[in-house]
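When a residue number appears, it is its place in the shown sequence, counting from 1.
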Amino acid sequence: VSDMEQADRRTFGNGNLNSSGQSSGGGVGVGLTFKRDPETGEFFIRKIAQGSSADKCGKLEPGDIVLECDGVQLTGKSYGALGRLVLGPSGTNLELTTKGPKGGPLKRVWLERSPTSSNSGKSNDSS
């Protein structure tokens with residue numbers, strides 16, 4: 001098992017990817033916690049940290065399905081692969097393409113990576 005795979009397990013091995021804070025590799029996220037649907041392989045937003053760039057953009061909701069990150073399709077990817085796309089140096093940007101849980105138009109949002117200290121926020125607790 002490579003060092004990167006071990007780091008992925010430590011950071012993302014609980015079945016949720018929290019991109020709010022620092023990762024073991026020093027990257028930061030955008031204030032989203034993700035969950036993967038085991039049947040479809042799609043990632044959806046489980047929680048949005050209050051005050052994060054994801055919260056401030058006002059376009060994302062818990063339950064939204066995340067289709068792409070920076071043009072890379074996410075369906076079927078591992079949590080580690082998602083983490084490598086979402087986490088990065090503070091102050092850098094990423095583009096997410098999402099859709100609502102029941103379909104609808106695609107949404108594209110550009111978010112700035114930054115540390116998020118708040119654990120509170122909107123969540124989809126039905127998962």
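The distance from atom CD of Gln50 to atom NZ of Lys56, rounded to the nearest 0.5 Å, is 10.5 Å. A distance of 10.0 Å separates SG in Cys69 from CG in Leu32, rounded to the nearest 0.5 Å. With values rounded to the nearest 0.5 angstrom, Lys77 atom NZ is found 9.5 Å from Thr75 atom OG1. Considering CZ of Arg36 and CZ of Phe43, their distance stands at 4.5 Å, rounded to 0.5 Å. With rounding to the nearest 0.5 angstrom, the CD1 atom of Ile45 is 13.5 Å from the NZ atom of Lys47. Remark: Ser53 OG to Ile48 CD1 distance equals 10.5 Å, nearest 0.5 Å.
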| Which is it for Tyr79 and Phe34 under the ring pair (Phe, Tyr, Trp, His ring centres under 6.0 Å) test, yes or no, and what are the steps along the way? | CA-CA 9 Å; Tyr79 281 99; Phe34 300 93; 8.7 Å; no
Show me the donor-acceptor pairs within less than 3.5 Å that the side chains of residues 104-111 make with the rest of the protein, sequence neighbours left out.
residue, atom, partner, partner atom, Å
Lys107, NZ, Lys59, O, 2.8
Lys107, NZ, Asp64, OD2, 2.7
Arg108, NE, Glu95, OE2, 3.2
Arg108, NE, Thr97, OG1, 3.2

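In this structure, Leu74 and Leu82 have side chains that are in contact, with non-hydrogen atoms separated by less than 4.5 Å. Considering only heavy atoms from C-beta on, Leu67 stays 4.5 Å or farther from Leu96 through its side chain. Side-chain contact check for Ser52 versus Ser114: every heavy-atom pair is 4.5 Å or farther apart.
Across every non-hydrogen atom of Glu68 and Gln73, the tightest pair is CG-CA, 4.0 Å. The two residues Leu60 and Ala54 come nearest to each other via the heavy atoms CD1-CB, 4.1 Å.
Residue pairs that meet the salt bridge (Lys or Arg N to Asp or Glu O under 4.0 Å) test with at least one member in residues 96-106, sequence neighbours left out, do not exist here.
Between the side chain of Arg113 and the backbone N or O of Pro89, no donor-acceptor pair lies under 3.5 Å.
In this view, Glu112 satisfies the salt bridge (charged side-chain N to carboxylate O under 4.0 Å, His left out) rule with no residue, not counting sequence neighbours.
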